[in-house]
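See below for the structure under consideration.
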Amino acid sequence: MTGESPVDPERGVYGISVAADLVGMGIQNLRLYEARGLLDPDRTEGGTRRYSANDLDRLRRIGTLLDAGLNLAGIAMVLQLEGRIVELEANR
DNA sequence: CTTCTGACA
DNA sequence: TGTCAGGA
């Protein structure tokens with residue numbers, strides 16, 4: 001095969017500007033979500049955030065949950081529980 | 001690009 | 001409470 005990762009959802013490299021534009025959110029919001037514990041994007045040496053395709057999908061879920069009426073604290077719990085479910089299903 | 005503070009719906 | 005806007 002080609003050898004090197006064709007597409008790693010865990011390693012999609014997007015800057016915060018392009019990530020915010022792709023999900024239709026403000027740059028400041030993405031930083032707030034990270035400060036709230038809604039997601040944990042990778043950081044480069046300079047300290048710039050690196051959003052993966054997985055993070056983009058998570059940001060879209062955040063927007064859906066926000067529209068559903070949940071607050072950032074509730075969304076953080078939902079995302080945490082969803083990750084837990086995936087973990088349990090993988091171990092199942 | 002980062003972080004912080006302020007003001008508004 | 002969440003979002004937007006500014007400055008350092």
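A sub-4.0 Å separation between OP1 or OP2 of C/dC4 and a side-chain N or O of A/Asn29 is present. Between A/Arg49 and B/dC1 there is no side-chain N or O to OP1 or OP2 distance below 4.0 Å. Between A/Tyr33 and the phosphate of C/dT3, there is a side-chain N or O to OP1/OP2 separation shorter than 4.0 Å. The phosphate of C/dT3 (OP1 or OP2) has no side-chain N or O of A/Arg31 nearer than 4.0 angstrom. Note on A/Ser17: a side-chain N or O is less than 4.0 Å away from OP1 or OP2 of B/dC1.
For CD of A/Glu82, the number of neighbouring non-hydrogen atoms (other residues, nucleotides, ligands) closer than 6.0 Å is greater than 12. Around CZ of A/Arg43, the count of heavy atoms belonging to other residues, nucleotides or ligands within 6.0 Å exceeds 12.
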Exercise for the section: For A/Leu56 and A/Leu59, run side chain to side chain contact (heavy atoms under 4.5 Å, CB included): C-alpha distance rounded to whole Å, both residues' side-chain angles, the deciding distance at 0.1 Å, then the answer. Expected result: CA-CA 5 Å; A/Leu56 293 183; A/Leu59 284 170; 4.3 Å; yes

Exercise for the section: Go through A/Tyr51 and A/Leu39 one step at a time and tell me if the side chain to side chain contact (heavy atoms under 4.5 Å, CB included) criterion holds. Expected result: CA-CA 10 Å; A/Tyr51 289 88; A/Leu39 57 96; 3.7 Å; yes

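Between A/Met25 atom CE and C/dC4 atom P the separation is 10 Å, expressed in whole Å. Going from atom CG of A/Leu65 over to atom P of C/dG2 covers 12 Å, rounded to whole Å. The distance from atom CZ of A/Arg36 to atom C1' of C/dT3 is 12 Å, rounded to the nearest whole Å. Atom-to-atom, CD1 of A/Ile27 to P of B/dC4 comes out at 17 Å; the value is rounded to the nearest Å. Rounded to a whole Å, the CG atom of A/Leu30 is 14 Å from the C1' atom of B/dC1. Regarding A/Leu38, its CG atom lies at a distance of 14 Å from the P atom of C/dT1, rounded to whole Å. Atom CG in A/Leu66 sits about 11 Å away from atom P in C/dC4, given to the nearest Å. In this entry the distance linking CD of A/Gln28 with C1' of C/dG7 reads 12 Å, nearest Å.
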Fill in the blank from the handout: Its dot-bracket string being built from Watson-Crick and G-U pairs below 3.5 Å, with | for another strand and [ ] for crossing, DNA chain B has the pattern .|.||||||

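Under 4.0 Å is where a charged nitrogen must lie from a carboxylate oxygen, and between A/Arg31 and A/Glu34 no such pair does.
Between C/dT3, C/dG2, C/dG6, one nucleotide has an atom nearer to the side chain of A/Leu72 than all others, and that is C/dG2. Of the candidate nucleotides C/dG6, C/dT1, B/dT2, C/dT1 has the atom lying nearest to any side-chain atom of A/Asn71.
Backbone-only contact: A/Ile16 has heavy atoms under 4.0 Å from sugar-phosphate atoms and none from a base. If you check every strand for non-hydrogen atoms under 4.0 Å, A/Arg43 touches sugar and phosphate atoms only.
No donor-acceptor distance shorter than 3.5 angstrom exists from the side chain of A/Asp67 to the backbone of A/Thr64, with no hydrogens or angles considered.
Once rounded to the nearest 0.5 Å, the distance linking CD1 of A/Ile85 with CZ of A/Arg92 reads 11.0 Å.
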